[in-house]
Participant: 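Got a structure for you, written out below as C-alpha cells; questions coming shortly.
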Amino acid sequence: MDDRVNITMKPVIDILEERISLALADVTGLGPLPALVKPATDAKFGDYQANGVMAAAKKLKTNPRALAEKLVAQLKLDDICMPPEIAGPGFINLRLKTDFLTGNLLEINADTAHLGISRTENPKTIVVDFSCPNIAKQMHVGHLRSTIIGDSICRILDFQGHKVIRQNHIGDWGTQFGMLIAYLKQANPEVIEDPDSIHIADLEQFYKNAKARCDANEDFAVLSRQEVVALHAGNKETLNVWRHIVDESRSHYQPVYDILDVNLHQANERGESFYADRLSGIVEELKQKGIAVESDGATCVFPEGFTNKQGEPLPFIIQKSDGAFLYATTDLAAIKYRIDELKADKIIYVTDARQKLHFEMLFATARLAGWVHAGVELVHVAFGTVLGENNRPLKTRSGENVKLKELLDEAIQRARAVVEEKNPELAEAKKERIAEAVGVGAVKYADYSNNRTSDYVFSFDKMLAMDGNTAPYMQYAYARVKSIERKAAKKDVDVESELAGITDLNLSEPAELDLAKHLIRYGEIIESAFADCRPNYLTQYLYELAQKFSAFYNACPVLAADKATRPTRLLLCDLTARTIRHGLSELLGIRVVEQM
RNA sequence: GUCCCCGUAGCCCAAUUGGAUAGAGCGCUGGCCUCCGAAGCCAGAGGUUGCAGGUUCGAAUCCUGCCGGGGACGCCA
C-alpha cells in the first residue's frame, strides 16, 4: 500500500519534471538538465509549463523552438497530459487529461490519513529551535511569530515523515534571576519555607517590582548580584526558589501555547540552564583549538569575513571580561548538544531577522570548531516585526509590549461579537468555541499569510474580515461543505455510500475541473512551503482553494444534481473540506468549525 | 561610516527565486438570494515594479550607481 502510494502519488509537477528532464538530457546529449516545470502563469496556456528548453538551447547555441520540437517528439506524457504544445520562444505547455485528474482524485480519496501525499524517502532528524520566551516575564507579541511559525514548520516536517525535535530554548538563567530571587525572598519570605506557596498573579508586575527595587536600592542590587552567583554556583536554597519561579512562569505561558494550539510542553524545554555546566568546557575547547583568543579582557572568536565599523575583525564574544558567559556561549553549547547527542541532521532557528548577524557568526564559529560535520545543515529562519498602525513595532498606548494573552483575548472577544450578530440562535457553548477558533485562527492566519521576512501591520479589522485572505473566510468555506452534508441527511442522500463505491468521476463543468486541478496540487504546495519554510505558500494555496470552491458552489448545485454527477460533486466537496481541514488544523494549527 | 533587509495599483500584500499580457484582497463602479449558509459569487476600472544604467531570447527578481525606509555592528538576548 505504502509503495503504491509513494510511486503513484508524487506531485504531478515532480513527475513531469523528471520525465521532461530525462528527455531533455536525451535530446541534447548534455546530461541532466532541469525541465523547470512550473504551474502555468495563465490558464489559457494550460496547467503546467516547462521552461527548461530555452536555457538548454542557450547552452547548445541552438534554436530553442527547434529543440522544443525535437523534445516534444520524444516525450511520452500521454498517460498524464494532452499532446504538449510549443509556444512563444520555447515554452512547452501542458494540459492535464481529465482521466488523469479523475484517477488522482480517487487515490487522494482513498488515502484518508495523508490525502495521497507521499512521505519523504529520506527522513532526517531535524531540531527546530523556536518560541523561547523569557522566564519571569509574560509572553508578548514579540514571541508570536517565532512560536507559531516554528510550530507550523514542525507540523509540516512531521507530516512529511521527518523526526522532529522541538526545542524551546527558554531564557531561564540570566542575571535577572538574581534580582527576582532576592525580591521574592524579601517580599514573600514564606516561600523559603514552602516554595509551593509561590503564586505570581501578574508576572509582569512581579518583574517590575523587582527591577524597581534593584534600581532604587544599592543594598538590594548587591544582594541581587550575590543571588546570581549563588544560583550559578548551585546553592541549594537559591536553586529551589529559582525552580519555583520557573514553574510558576510556565503556568503562565503554557496556557498561551494551549490556546494557540502550539505543540510545546515542558518536555520540549532545553533552556539556558540546561547548558549552564557545559559553558566553561565550550570556551576551553575553543581556546585549546586556537579558535578563541583574549581581546580587551574578553574571550572572543574572530570568524573570517566579519568586520566592525572601523573595518576591523568583528568579535563573537563567548566570555565576558568578568568571566560571565553569554547568549553566544549557550548557543554554541546547544549546537554541540544537538549535533552530538540529539543526532541532528539539520537545525532550524526561528528568530527575528535582527539576529541574522549573530547566527551567521554562530554558525561560522561552530564550523571552525569542527562540530558541524558533513551533512549537517544549519538554518536561520528569520522573520520581520509585527507593527502597529503607526508603522512602529506594536506597543500599547503607554509604550509597553502588548501581552500575547491580552491580544488573543481581544481577538476572541471580537470574533464572539460577530458570531453573536450572524448566528444568534446557536447555543452559548458553541458560540464560545466558534469565537475561539475564529479569533485565534485569525491572528495566526494573518501572521502566516504574510511573507515571513517582511514586517506587517497588525489589524484586528483586517484579520477578522470575512472576505479576503483570512482565517474566517476559509473556515466559512469549510462550514458550508459541512452544511451540505447536514442537509444531505435531511434529504435522504447517503453521502457515505455514494462516496464509498465511487470508481469513476464525471468532471465536465469548468468550475469542477478548476477545483479538481487545484485539489491535486496540495502535495506540491506542501513541498514548496517546506523547502523555504514559508507558511504563506500554504495559506495562498488554501485561499485559492476556498475561492475555487466558492465558485464551484455557486455554479454547481450538489444535492440537486442528477445521479450521474452528484457523486462527483460530493467527492469534490469532501476533498475540499478534508484539504482545508488538513491545511488549517494539521499544518497551521488553526481550528475548523462545523458551523459558524 | 561598514554590512544586511526592504521599496510593486489610492491602501495592504503576492509573484514557488530569471519566464509569456506583474496577481489577490480592501476601497471604488455595476450585477446576482423563490435556489445546498449573501460571513458568499460574478464583472469592471486601477501599474513606467523608487530612479538611472547594465547583463540576455526574456528582469519586479541578477550586476553597478544614486534616492528613500528599517535593522545590525565588544562585553544584552
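What's counted below: heavy atoms across the whole structure, side chains too, no hydrogens, waters or symmetry copies. Proteins get letters first, then strands, A, B, ... in listed order; numbering begins at 1 in each.
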Participant: Side chain of Pro557(A): nearest nucleotide among rC36(B), rG70(B), rC75(B)?
Facilitator: rC36(B)

Participant: Please determine, for rG40(B), whether a Watson-Crick or G-U wobble partner exists with both distances under 3.5 Å, and give it or none.
Facilitator: rC32(B)

Participant: Can you tell me the distance, in whole Å, between the OH atom of Tyr327(A) and the P atom of rC73(B)?
Facilitator: 12 Å

Participant: Using the side-chain heavy atoms of Asn93(A), tell me which of these nucleotides is nearest: rC76(B), rC36(B), rA20(B).
Facilitator: rA20(B)

Participant: Atom CD1 of Ile92(A) and atom P of rA20(B): how far apart are they, to the nearest Å?
Facilitator: 16 Å

Participant: Using a heavy-atom cut-off of under 4.0 Å over every strand shown, decide if Thr41(A) touches base, sugar-phosphate, or nothing.
Facilitator: base

Participant: Counting heavy atoms from C-beta on, name the nucleotide in rG37(B), rC13(B), rG74(B) closest to the side chain of Tyr456(A).
Facilitator: rC13(B)

Participant: For the C1' atoms, the ones on rG69(B) and on rC33(B), what distance do you get once it is rounded to whole angstrom?
Facilitator: 48 Å

Participant: Say you pick atom P in rC28(B) and the same atom in rU64(B); how far apart are they, in whole Å?
Facilitator: 44 Å

Participant: Between Arg521(A) and Tyr541(A), is NZ or CZ placed under 6.0 angstrom from the six-membered ring centre and within 45° of the ring axis?
Facilitator: no

Participant: Determine the contact category for Lys548(A): base if any of its heavy atoms lies under 4.0 Å from a base atom, sugar-phosphate if only primed atoms, P, OP1 or OP2 are that close, otherwise nothing.
Facilitator: nothing

Participant: Please work out if Arg392(A) contacts a base, only the sugar-phosphate, or nothing of the nucleic acid, heavy-atom cut-off 4.0 Å.
Facilitator: sugar-phosphate

Participant: Please round to the nearest 0.5 Å and tell me the distance separating atom CZ of Phe552(A) and atom CG of Leu515(A).
Facilitator: 6.0 Å

Participant: With a 3.5 Å limit on both atom pairs, tell me what rC62(B) is paired to, counting Watson-Crick and G-U wobble, or say none.
Facilitator: rG54(B)

Participant: Using the P atom in both, what is the distance from rA60(B) to rA39(B), to the nearest Å?
Facilitator: 40 Å

Participant: Between C1' on rA72(B) and CG on Leu357(A), what's the gap in Å once rounded to a whole number?
Facilitator: 6 Å

Participant: How many whole angstroms separate atom CG of Asn423(A) from atom P of rA38(B)?
Facilitator: 12 Å

Participant: Name the closest nucleotide to the Lys58(A) side chain, picking from rC57(B), rA15(B), rA39(B).
Facilitator: rC57(B)

Participant: Among Glu524(A), Glu527(A), Glu18(A), which residue meets the side chain to side chain donor-acceptor pair (under 3.5 Å) test with Lys10(A)?
Facilitator: Glu18(A)

Participant: When the P atoms of rG46(B) and rC4(B) are considered, how many whole Å apart are they?
Facilitator: 40 Å

Participant: Between the side chain of Thr329(A) and the main-chain N/O of Phe325(A), is any donor-acceptor distance below 3.5 Å?
Facilitator: no

Participant: Let me know the distance between NZ of Lys61(A) and P of rC57(B), rounded to the nearest Å.
Facilitator: 10 Å

Participant: Under 4.0 Å: is that the gap between some side-chain N or O of Asn536(A) and OP1 or OP2 of rA15(B)?
Facilitator: yes

Participant: Pick from Tyr473(A), Tyr537(A), Phe549(A), Tyr448(A): which one makes a ring-ring contact (aromatic ring centres under 6.0 Å, His included) with Tyr543(A)?
Facilitator: Tyr473(A)

Participant: Of the nucleotides rA77(B), rA20(B), rG37(B), which has the atom closest to the Glu272(A) side chain?
Facilitator: rA77(B)

Participant: Could you work out the separation of rC62(B) and rG19(B) based on their P atoms and round it to a whole Å?
Facilitator: 11 Å

Participant: Looking at Ser528(A), does any N or O in its side chain come under 4.0 Å of the phosphate oxygens OP1/OP2 on rU16(B)?
Facilitator: no

Participant: Taking atom CD as the centre, does Glu312(A) end up with more than 12 heavy-atom neighbours from other residues, nucleotides or ligands that are less than 6.0 angstrom away?
Facilitator: yes

Participant: Please confirm whether the shortest side-chain N or O distance from Thr385(A) to OP1 or OP2 of rC5(B) is below 4.0 Å.
Facilitator: no

Participant: With both distances under 3.5 Å as the test, what is the Watson-Crick or G-U wobble partner of rC26(B)?
Facilitator: rG10(B)

Participant: Base, sugar-phosphate, or nothing: which does Pro472(A) touch, judged by heavy atoms less than 4.0 Å apart?
Facilitator: nothing

Participant: Is there aromatic stacking of Phe45(A) on rA20(B) here, judged by a ring-centre distance under 5.5 Å and a plane angle under 30°?
Facilitator: yes

Participant: Consider the side chain of Tyr537(A), meaning its heavy atoms from C-beta on, and name the nucleotide among rC75(B), rG37(B), rU16(B) that approaches it most closely.
Facilitator: rU16(B)

Participant: Once you apply a heavy-atom cut-off of 4.0 Å, does Ser295(A) come out as touching a base, just sugar-phosphate, or nothing?
Facilitator: base

Participant: Rounded to whole Å, how long is the line connecting atom CD of Gln355(A) with atom P of rG70(B)?
Facilitator: 21 Å

Participant: Which nucleotide in the set rC75(B), rG40(B), rC36(B) lies at the smallest distance from any side-chain heavy atom of Lys320(A)?
Facilitator: rC75(B)

Participant: Will you find, in the side chains of Gln595(A) and Lys482(A), an N or O donor that is under 3.5 Å from an N or O acceptor?
Facilitator: no

Participant: Contact class for Ala324(A) (heavy atom, under 4.0 Å): base, sugar-phosphate, or nothing?
Facilitator: nothing

Participant: Any idea if rC33(B) is syn or anti, going by the 90°-from-0 cut?
Facilitator: syn

Participant: What is the distance from CG of Asn451(A) to P of rA24(B), rounded to the nearest Å?
Facilitator: 19 Å

Participant: How far does the P atom of rC42(B) sit from the matching atom of rG27(B), given to the nearest Å?
Facilitator: 16 Å

Participant: Output yes when at least one side-chain N/O atom of Tyr478(A) is less than 4.0 Å from OP1 or OP2 of rG40(B), else no.
Facilitator: no

Participant: Going by centres under 5.5 angstrom and planes under 30 degrees, do the aromatic ring of Phe91(A) and the base ring of rA20(B) stack?
Facilitator: yes

Participant: Quick one: which of rG71(B), rG58(B), rC76(B) gets closest to the side chain of Leu326(A)?
Facilitator: rC76(B)

Participant: Scan Gln595(A) against the nucleic acid and name what it touches under 4.0 Å (heavy atoms): base, sugar-phosphate only, or nothing.
Facilitator: base

Participant: Can you find a side chain N or O atom of Lys487(A) that sits less than 4.0 Å from OP1 or OP2 on rG37(B)?
Facilitator: yes

Participant: Using both distances under 3.5 Å as the test, list the Watson-Crick or G-U wobble partner of rG1(B), or none.
Facilitator: rC73(B)

Participant: Contact class for Ile317(A) vs. all strands (heavy atom < 4.0 Å): base, sugar-phosphate, or nothing?
Facilitator: base

Participant: For a side chain to side chain contact (heavy atoms under 4.5 Å, CB included) with His169(A), tell me which candidate from Arg270(A), Glu272(A), Glu269(A) qualifies.
Facilitator: Glu272(A)

Participant: Test Tyr456(A) against every option in Asn450(A), Asp447(A), Asn451(A) by the side chain to side chain donor-acceptor pair (under 3.5 Å) rule and name the one that passes.
Facilitator: Asp447(A)

Participant: Which nucleotide in the list rA38(B), rU16(B), rG74(B) gets nearest to the side chain of Arg480(A)?
Facilitator: rA38(B)

Participant: Can you tell me, in whole Å, how much space there is between the P of rA43(B) and that of rC26(B)?
Facilitator: 14 Å

Participant: Taking the C1' atom of each, how far is rG25(B) from rC41(B), in whole Å?
Facilitator: 15 Å

Participant: Categorize Ala551(A) for me: base, sugar-phosphate, or nothing, with a 4.0 angstrom heavy-atom threshold over every strand shown.
Facilitator: sugar-phosphate

Participant: In whole Å, I'd like the distance from the CG atom of Asp447(A) to the P atom of rC13(B).
Facilitator: 13 Å

Participant: Can you tell me if His140(A) uses its side chain to pair, donor with acceptor, with the backbone of Glu400(A) under 3.5 Å?
Facilitator: no

Participant: If you only use heavy atoms from C-beta on, which nucleotide in rA14(B), rA39(B), rC75(B) is closest to the side chain of Ser321(A)?
Facilitator: rC75(B)

